Amino acid sequence: MPIKHIRAICLDLDDTLWELGPVIEQAERVLQVWFARHWPRVSERYSIPAIRALRQQVAGRFPGQEHDPGLLRRATYAELARDCGYPGSLGEEAFAVFQQARNQVMPYADVHPALPRLARRFPLVALTNGNADLEAIGLHRHFAAVFAAAGLGVAKPDPRAFQAVCERLSLQPAEIAHAGDHPQHDVAGARAAGMTAVWVDRGHHAWPGGLPPAGHVVHDLMELVALVGA
Ligand SMILES: [Mg+2]
């Protein structure tokens, strides 16, 4: 059944438009090589898993800041620098190296044909808990706006993240379809906010037992194009 009566589409980014895990792993390797070349005490003292563990510790020291992954990474890299006797400003440089690699994503094959069709028919916006840079990735021209949790001060599935999108588009929640891969963050969150929720099942998550089934399920964005009549 096609979805009717919507006036805008809101898309998740990571794991909806591209697979995130391999990109993060590659970015961590790129950063480790960069440390070895320019700041060798960091890579001598800290393996990639050790840096991940430090990031978890740092996150524990920034309660309520989980919506800002960039802040946590910068703080982690600044701490590595201090611990190794390097200037704390290295944190910012390291973050830039990581981000450059983090944006080397490989969109799923359906993304390039689907985005222009969606964007021709509806205002298309993005709502992400991550910090992908659509301009660096080269997909920004399809999007009327990008809302990141770090900028909103609140992350999905908090209904306030979805409400912020409604306010910026001057639309009611029921007039917006939100599509994303995550059962809780995207589907349950959008539904709780009153949006039409679409689960983009890319095979990353089994549907959680306790969660009411998604009303709309697609496996790629061309199925979303069909579902919304774009
Ligand atoms: Mg996602």
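Remember, predicted model here, so these are calculated numbers, not experimental data. Remember, it's 1-based here, ligands and their atoms both numbered in the order they're listed.
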- Item | Parallel, tilted or perpendicular, as decided by the 30° and 60° cut-offs, for the rings of Tyr77 and Phe98 | tilted

- Query: Closest to the Mg ion (ligand 1), which N/O/S atom of Asp14 is it?
  - Reply: O

- Answer yes or no: does atom CZ of Arg41 have more than 12 heavy-atom neighbours from other residues, nucleotides or ligands under 6.0 Å? yes

- Task: Decide if atom CZ of Arg160 counts as having more than 12 heavy atoms of other residues, nucleotides or ligands within a radius under 6.0 Å.
- Result: no

- To the nearest 10°, how many degrees is the angle Asp12 OD2 to the Mg ion (ligand 1) to Asp181 OD1? 80°

- Look at Asp186 and state whether any of its N, O or S atoms is less than 2.8 Å from the Mg ion (ligand 1). no

- Asn131-Arg73 side chain donor-acceptor pair, cut-off 3.5 Å: no

